[in-house]
Amino acid sequence: MQKSISYLTAALILLLPLIFWTITPNFFTTPKQLLLIVITSATLIAWLVDSIRRQSLTFTPSSLTFPLIVFITGIIVSIATTQEAGTEALVGRGSLYLASAVLALMISSHSSRILKKLSLTALVLSSTLLSIHSILQLTILHTLPTLPTFMNTRAFSLASTPLITLSLIIIGIATSISWATSTKSNSKRTILLFSTAIQIITVVAYLSLMISGRELVPTLLPLLSSWSIALDSLKSTRNIFLGIGLANFTSFYSSVKPLSLNYTLFWNTLPNSASSELLQLLITGGLVIITPLFLLITSFFSSIKNSRASSLNTPLKVATITTLLILLLTPGSIITIPLLFILLALTARPKSPKVLQLNSSSIFLTTALTLSIVVTALFFSGKLTMAENHLRQAQLAVATNDGQAVYEHHLQAISLVPTLTSYHLSYSQVNLTLAASLSQANELTEDQRTQVTQLLSQAVREARLTTTMRPNLATTWTNLGSIYRQLINVADGAEDLAINNYAQAITLDPANPSLRIELGGIFYQLASTVEDRDTANSYLIRAVEEFSTATQLKSDYANAWYNLAKAYELADNIELAYQAMQQAIASLDVNSPDLDLATQELSTLKAKLPSPTPSADTQTRRDTDTLTTPSPLPSPISGGPIELIPPSPTPEPTPTPSADPSI
């Protein structure tokens, strides 16, 4: 059995950074996570078969056994007590950490010299192969027209992202150098130093492209901002112990985002994690996860302090410490997290073996328990992979303009995994797009009108469902608000529902200036279209308020100033419109294609001024934002407003469109 675990572990270390496929929307995370779960399941099966053959349970505790069991328990408790996004937590970091910890538990109890040697060899070989591919990708491969489009960029990497690739190669360099200095074999030392040279060249190449202004600059949340968010999460007693939930970082980030981030790349970006994996676990997992992780790290340092140096132990220690430092300074990944647990397990101090003789009933219970864990893990992983494959087929159908296939594949994905919010978000937009496509006809038949009504009702129903699944995620309310916005002039009362849902999104994401622009745009267009003057003025006042707030949240937001200028102009306040347009021009980059347009509009406003006003100051331009006026409201469809089908208390399977609209 030790050989089986050794080969499986080495295969995982070797293949995890290199494997990818194009049958799911995410070419990297899904296959790598599936590989991790399959190999972890295989180690459990190998242990079970060996136990049945020996008629005994053989288990060798180590210094990491207790911390690993507590860590696994903490992950399960975190997922079980998650109030929101439980499925996302399970299929994301939850399964990643569970599989990694279970695998580490098996490795630490069956560690051997051959396992250590194979693991180190796989690590060095994997990082070397990744380095060779990276050099080729940065120099040649990204220019080859024969390769798929997604490979025609320097940012493509087998490991997923340049930052993850760089992290793994740095671990490989540390491992290679420490192994080369500790081995007595000259041939092995030569090979390791040659591997190190290749990896160093790759690191230099990546770093040169990651400096400010270059094309591979990583987008990392600033460390101080991550620390600020962590402190905010600790204001709740529940969050201190259980965290906010493994998949709830984005929603929590939106609610407490520091305003200073509006002057960085994150002003309109929602990061998935903190800049440090340890901070990420503190925020999302609380003490129930971070405490056993701290015990694991403490046990590791205690083990290396009391272990002797050797040609294998030394590079294992160096690799583990390097991986820890990387996870302290960067977000965790599908590669670095399992690698950390494997390395920790390989450095654990073994204790006296425990042997428990099995009778027939014990064998049955052990087999049933182990197989239930393995079958459950593989079953749900398989369902998720199948669902992701349907979404990939939907993406390909979009490229061929096959609306029917897009619709059906989304429906299949939801039927396989009905509790993932992202699936319902995407499906709501598919229904809306198909309805918009069908409604383009000048005269709708009764069947077409019925179908449009069904599709729009389904779009609303799916969007509403996401707000119940993720009530604290601003994105779900924004999506519902945008759908209702598309129904203004199409369904009665849509404008009030759009406004209310955008307002809820703003409550959850108060520092987001883009949401203010979207809500202000609805008020602006309503003010432009309603006939009652008092109602139009009230809408216009609210539009000005939202646009003004956007400029306060981000003072160099050119489009916010531009929309504010248009709102003041509609209100016949030319002086304030002129001043706002000046600010829009001052916020634009000197190379912006919108600069001429804004300058012309400023001249038009200047001609309307009652008295001369100083010219615009364009010395502080810095925003590359595109200037856009609020989008016009949808035109009514033929036959008058539709009446949306009310949502069912329990969502039922949705009918497939009889027509074959394109999107």
Side-chain angles (χ1 to χ4, degrees), residues 1-19 32 35-36 38-40 42-43 46 100 103-104 106-108 110-135 158-159 164-203 300 303-304 307-324 326 334-348 350:
M1 183 185 64
Q2 282 189 340
K3 285 187 176 181
S4 298
I5 294 179
S6 298
Y7 292 134
L8 287 169
T9 303
L12 178 65
I13 295 174
L14 175 64
L15 296 177
L16 199 59
L18 306 177
I19 187 173
K32 293 178 192 298
L35 176 67
L36 171 64
V38 168
I39 287 186
T40 301
T43 60
S100 300
L103 181 61
M106 298 300 297
I107 292 172
S108 65
H110 299 90
S111 184
S112 63
R113 180 175 177 81
I114 188 173
L115 173 55
K116 294 179 180 181
K117 186 175 181 180
L118 283 174
S119 298
L120 284 172
T121 302
L123 177 57
V124 173
L125 179 59
S126 179
S127 59
T128 303
L129 292 175
L130 194 60
S131 297
I132 294 172
H133 173 268
S134 298
I135 293 172
L158 297 177
I164 295 174
T165 302
L166 179 64
S167 300
L168 185 64
I169 294 174
I170 289 174
I171 296 171
I173 290 174
T175 305
S176 299
I177 293 176
S178 59
W179 200 0
T181 56
S182 60
T183 186
K184 296 179 180 179
S185 170
N186 291 329
S187 59
K188 183 181 295 185
R189 184 181 298 112
T190 301
I191 294 173
L192 288 169
L193 291 177
F194 178 74
S195 172
T196 302
I198 296 175
Q199 294 177 78
I200 289 175
I201 292 172
T202 308
V203 167
F300 161 71
S303 297
I304 65 173
S307 64
R308 62 183 181 84
S310 71
S311 61
L312 295 180
N313 286 338
T314 300
L316 282 174
K317 297 172 189 176
V318 172
T320 307
I321 293 173
T322 306
T323 307
L324 274 171
I326 285 174
I334 186 63
I335 299 174
T336 53
I337 289 173
L339 181 60
L340 172 66
F341 278 84
I342 292 172
L343 292 171
L344 286 172
L346 292 173
T347 58

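Note that these values count all heavy atoms, side chains included, but never hydrogens, waters or copies made by symmetry.
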Counting distance only, does the side-chain N/O of Thr183 pair as donor-acceptor with the main-chain N or O of Trp179 below 3.5 Å? no
Heavy-atom side-chain proximity of Thr190 to Phe194 below 4.5 angstrom: no
Please confirm whether the backbone N or O of Ser108 pairs with a side-chain atom of Ser111, one donor and one acceptor, at under 3.5 Å? no
In short, Ser167 meets Thr336 closest at the heavy-atom pair CB-CG2, 4.4 Å
Check: Thr175 and Val318 side chains under 4.5 Å, non-hydrogen atoms: no
Rounded distance (nearest 0.5 Å) linking atom CG of Leu312 with atom CD1 of Ile114: 11.0 Å
Gap between atom CG of Leu123 and atom CG of Leu343 - 0.5 Å precision: 6.5 Å
Atom CD1 in Ile39, atom OG1 in Thr9: separation rounded to 0.5 Å? 8.0 Å
From Leu115 atom CG to Ser4 atom OG, the distance as rounded to the nearest 0.5 Å: 11.5 Å
So Ile201 and Ser131, do their side chains get closer than 4.5 Å, heavy atoms only? no
The criterion is side-chain contact (heavy atoms from CB on, under 4.5 Å); which residues satisfy it with Leu15, sequence neighbours excluded? Leu35
Side chain to side chain donor-acceptor pair (under 3.5 Å) filter on Ser195, not counting sequence neighbours, yields Thr128, Gln199
Taking the side chain as every heavy atom from C-beta outward, state whether Leu129 and Leu125 have any atom pair closer than 4.5 Å. yes
To the closest 0.5 Å, what do you measure between CG (Leu316) and CD1 (Ile321)? 11.0 Å
